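The next block holds one structure in the form of structure tokens; read it before the comments.
Bear in mind the structure is a predicted one, so any value in this text is a computation, not a measurement.
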Amino acid sequence: MATREGYDTDVGNGGETHQHVPVESSHKPEDHLTTNQGIRVSDNQNQLKAGDRGPVLLEDFVLREKIFHFDHERIPERIVHARGSAAHGYFELFESLADITKADIFQRAGEKTPLFTRFSTVAGGAGSVDTPRDVRGFAVKFYTKEGNWDLVGNNIPVFFIQDAIKFPDLIHSVKMEADRGFPQAASAHDTFWDFVGLMPETTHMIMWAMSDRTIPRSLRMIEGFGIHTFRFVNAAGASTFVKFHWKPKLGLQSTIWDEAVKLAGADPDFHRRDLFEAIQRGDFPEWELGIQTFDEAFADSLPYDVLDSTKIIPEELLPVRIVGRMVLDRWPDNFFAETEQVAYCPANVPPGIDFTNDPLLQGRLFSYLDTQKSRLGTANFHQIPINAPKCPVMNFQRDGQMQMLQPKGRANYEPNSLGEHGEIGGVRECPATGFATYPATESGDKLRIRASSFADHYSQARLFFRSLDSAEQSHLASAIVFELSKVSIEAIRTRVLSNIVNVDPSLAARVAAGLAMDLPKASEPAAPVQDLDLSPALRIIRGPLEKETLEGRSVGILIADGSDVSVVDTLVKAVTKAGARPVVIAPKVGGVKMSDGSLRKADGQLAGTPSVTVDAVALALSSEGCAALLKEAAAIQFVMDAFGHLKAIGASEAAKPLLDKAGVVADAGVTGLDEAFVRAATRRYWDREPKVRTLA
Ligand code: HDE
């Protein structure tokens, strides 16, 4: 029965013996389990009881502290962007920008600055899936020598609304509906589209949100944008407007909607795992930082307002200048301490970077600091290691919950003269080098008003839609059909469509046909809709950032009993050489018996590793293996989905019956298992799409 002699006694219910090895014999302090007060714990298996079958004693501080801490392990999640994944890395400057900004991070070419970057979805809770149709947050905290700079952006260069006062309404409408608590992480429901229809300013962003941009293949393959127009300020005090861009080294790539939906089930953590695994294997994700810079005169020459976050400045009009790169090379040690507790704030800018009057940005400058207090519970959240600047922090702010600092002396106010009397006087303001706001001249009446220069809600939506590749246009139209099909109030669909007529009548007609409804008349635009010059730079498909490559991608190699050893070995080598990760998939994870009788272990079990998790598939099957797989729904689905998701499929001669059963029709993406497959696997086959699904 229970004794207190050590761990190797009966501590379980059934009298079994636990073989823990007590550490009493070793005296290294780091080996000892302690409470949070540093008291060594003698027994971590049993509560303190009055008798072996008696009640628990209130004085058991070890128990109470442990349960107390556990009870409070979760903190309120972010009201938006709750689901996120992050990594450490660095920024490296390519060339000095001293002529346009005095920001220390942009002075010396070649210098590296540490940073922490968090990617997120917007609508879902922290436990939601990684692949819903949603905007991705792209937030970077640069720990510069002159304090933290947070560039808190998204993977889309525009936003839904123009004025911060609409943000709570927007987010309420897109999150799960208030009475029923669903749908989670989805915009395809009445309240969101109700808001959209009533707020035509959302139209440009809706085009982006319904495009392939919101179903990325990987977080490593998204662009990032600061969205707002910011200011650079140089040492002479001159201001230059600036917009920030992140360009992914692996190029832009998205999934097919059906693939994103299936991924949500196959691997709810698909993007987090992808980022984690890439960093673990040393395949560090990388982006280039680009800037668009311009002056007042250029801003005035545009037919839209650079303070309006629903507008872009096309790259064709104002090229993006690449000035540095970001490399993410270290996964956090602890998800909660870093990814969860990191607190970004667009108001965190060092001298040399400043704001503009963008009304959305102005509202954000308040919101983030405010939200951190409720999320992290204390005004001292900046002391948490992930948030703490990597430069000295010295001021007279004092006390508050969870104060970690122990300032010395009695001077807790400024100015003070105590330093002149042999006491600690403390720090002083620095007029020459401190942050000084750019002295923009402001005048005007106090009004709740939207500038008339913000009134055009459709011209750039049209510019975006018309600039896309035709395959992307079909995806976009189909996405609107999908989403509006989930809207139960017909009048909402009609209102949205009447706005879309202003974007492009042919798009509206396609959506109407997809919904089997009549095309309504165009709504009355607040400003005339203009035909702006198209911007092919906005495309993913056949755009400047589409890459035909296997780098950073993965190839599923399906094997079964009798698979040819040399074929599989050659494939693994070729795929690896091309920069991709080979994933050997078999009916049983323990492996299959290969052609030479050897056992080959698999990286994934067929049922648990559907083809949506890889970028191309190779069916390296023997006749015997293929015959067995013809009876497996998972194998047929594997091939059917690879084909339906427009991926390259390489197949051995013996695998043909499986191709036939899965309905695969020969095209340029269907090859043998030779080098042609490795070449074919570098892309998707958009021409195949009309043959496998009806798009709007
Ligand atoms: Fe945010 N946003 N936002 N947002 N946002 C937050 O701050 C807010 C907006 C963005 O990985 C919150 O710490 C308002 C635009 C990202 O931790 C909150 C408005 C852009 C993240 C907040 C906007 C963003 C947030 C919630 C309208 C792209 C996640 C938790 C004026 C440029 C950062 C938090 C992370 C997070 C407010 C609009 C990007 C509530 C009021 C536009 C990437 O403060």
Flag, side chain of [X] to backbone of [Y], donor-acceptor distance under 3.5 Å:
| X | Y | answer |
| --- | --- | --- |
| Ser120 | Val122 | no |
| Glu472 | Ile540 | yes |
| Glu286 | Pro248 | no |
| Glu77 | Ala126 | yes |
| Ser467 | Pro536 | no |
| Arg364 | Val152 | yes |
| Lys311 | Asp456 | yes |
| Asp295 | Thr240 | no |
| Arg272 | Gly84 | yes |
| Lys243 | Ile227 | yes |

If you take all heavy atoms of [X] and [Y], which pair is closest and at what distance?
| X | Y | answer |
| --- | --- | --- |
| Ser611 | Ala642 | OG-N, 3.4 Å |
| Pro520 | Thr494 | CG-O, 3.7 Å |
| Leu219 | Trp287 | O-CZ2, 3.1 Å |
| Arg693 | Ile256 | NH1-CG2, 3.6 Å |
| Tyr685 | Ala680 | OH-O, 2.8 Å |
| Ala188 | Trp193 | CA-NE1, 4.2 Å |

Inset, instruction - Step by step, work out the side-chain hydrogen bond (donor to acceptor under 3.5 Å, both in side chains) result for Asp504 and Ser506. - result: CA-CA 5 Å; Asp504 187 305; Ser506 74; 2.5 Å; yes

Any Lys/Arg nitrogen of [X] or [Y] sitting under 4.0 Å from an Asp/Glu carboxylate oxygen of the other?
| X | Y | value |
| --- | --- | --- |
| Glu546 | Arg539 | no |
| Arg495 | Glu490 | no |
| Lys656 | Asp660 | no |

Legend entry - Set of residues satisfying side chain to side chain donor-acceptor pair (under 3.5 Å) with respect to Arg510, sequence neighbours excluded: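 Result, side chain to side chain donor-acceptor pair (under 3.5 Å) vs Arg510: Ser474.
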
Inset, instruction - Tell me, please, which residues at least two apart from His475 pass side chain to side chain donor-acceptor pair (under 3.5 Å). - result: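 His475 satisfies side chain to side chain donor-acceptor pair (under 3.5 Å) with Asp212, Glu689 once adjacent residues are dropped.
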
Answer with yes or no whether the side chains of [Y] and [X] bring together a donor and an acceptor at under 3.5 Å.
| X | Y | value |
| --- | --- | --- |
| Arg321 | Gln292 | no |
| Ser218 | Asp274 | yes |
| Arg553 | Gln253 | yes |
| Asp308 | Thr310 | yes |
| Asp130 | His271 | no |
| Asn499 | Ser523 | yes |
| Arg462 | His204 | no |
| His457 | Thr203 | no |

Inset, instruction - Quick one: sort the Phe298 and Phe294 rings into parallel, tilted or perpendicular, breaks at 30° and 60°. - result: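 Rings of Phe298 and Phe294: tilted, as their planes differ by 30° to 60°.
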
Inset, instruction - Determine the sole option in Leu659, Val617, Asp667 for which the side chain to side chain contact (heavy atoms under 4.5 Å, CB included) test with Phe643 is passed. - result: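 With Phe643 as partner, Leu659, Val617, Asp667 yield a single side chain to side chain contact (heavy atoms under 4.5 Å, CB included), made by Asp667.
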
Legend entry - Row check, Phe464 ring normal vs Arg466 NZ/CZ: under 6.0 Å, within 45°: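 Here Arg466 fails the 6.0 Å and 45° test against Phe464.
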
Inset, instruction - Could you tell me whether Arg133 sits above the aromatic face of Trp257, with NZ or CZ closer than 6.0 angstrom to the six-membered ring centre and within 45 degrees of the axis? - result: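 Yes, Arg133 and Trp257 form such a contact.
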
Inset, instruction - Any chance you could lay out the side-chain hydrogen bond (donor to acceptor under 3.5 Å, both in side chains) test for Glu177 and His189, step after step, and finish with the verdict? - result: CA-CA 8 Å; Glu177 295 189 359; His189 57 112; 2.8 Å; yes

Inset, instruction - Just do the salt bridge (Lys or Arg N to Asp or Glu O under 4.0 Å) check on Arg450 and Glu201 with the steps written out, would you? - result: CA-CA 12 Å; Arg450 196 81 55 96; Glu201 71 198 59; 2.8 Å; yes

Inset, instruction - Would you check, one step at a time, whether the test salt bridge (Lys or Arg N to Asp or Glu O under 4.0 Å) holds for Lys166 with Asp163? - result: CA-CA 6 Å; Lys166 296 313 301 165; Asp163 191 301; over 6 Å; no

Inset, instruction - Starting from the C-alpha separation in whole Å, work towards a yes-or-no answer on salt bridge (Lys or Arg N to Asp or Glu O under 4.0 Å) for Glu548 and Arg679. - result: CA-CA 9 Å; Glu548 284 200 11; Arg679 270 197 309 278; over 6 Å; no

Can you confirm whether [X] sits close enough to [Y] that some side-chain heavy atom of one is under 4.5 Å from a side-chain heavy atom of the other?
| X | Y | value |
| --- | --- | --- |
| Asp358 | Thr229 | no |
| Thr214 | Asp134 | no |
| Leu646 | Arg688 | yes |
| Phe482 | Val261 | no |
| Met640 | Val692 | no |
| Leu289 | Trp246 | yes |
| Thr191 | His172 | no |
| Arg213 | Ser254 | no |

Inset, instruction - Take Asp641 and Lys647, measure what salt bridge (Lys or Arg N to Asp or Glu O under 4.0 Å) needs, and give me the verdict at the end. - result: CA-CA 9 Å; Asp641 273 347; Lys647 294 173 183 173; over 6 Å; no

Inset, instruction - Verify side-chain hydrogen bond (donor to acceptor under 3.5 Å, both in side chains) between Ser309 and Gln162, making sure each step is shown before the conclusion. - result: CA-CA 6 Å; Ser309 274; Gln162 297 173 322; over 6 Å; no

Inset, instruction - Please say which of Arg581, His645, Arg217 ends up in a side-chain hydrogen bond (donor to acceptor under 3.5 Å, both in side chains) with Asp615. - result: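 Considering Arg581, His645, Arg217, a side-chain hydrogen bond (donor to acceptor under 3.5 Å, both in side chains) with Asp615 is found only for Arg217.
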
Legend entry - CD1-CG distance between Ile222 and Leu545, expressed to the nearest 0.5 angstrom: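 Ile222 atom CD1 to Leu545 atom CG measures 12.5 Å (nearest 0.5 Å).
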
Inset, instruction - Compute the centroid of each ring, for Phe138 and then for Phe119, and state whether the two points are separated by less than 6.0 Å. - result: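 For Phe138 and Phe119, the ring centres are under 6.0 Å apart.
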
Inset, instruction - Begin with the C-alpha distance, continue with both residues' side-chain angles, and end with the deciding distance and a verdict on ring-ring contact (aromatic ring centres under 6.0 Å, His included) for Phe232 and Phe244. - result: CA-CA 11 Å; Phe232 272 159; Phe244 296 102; 5.7 Å; yes

Inset, instruction - Carefully, step by step, assess Asp267 and Thr613 under the rule side-chain hydrogen bond (donor to acceptor under 3.5 Å, both in side chains). - result: CA-CA 8 Å; Asp267 187 358; Thr613 59; over 6 Å; no

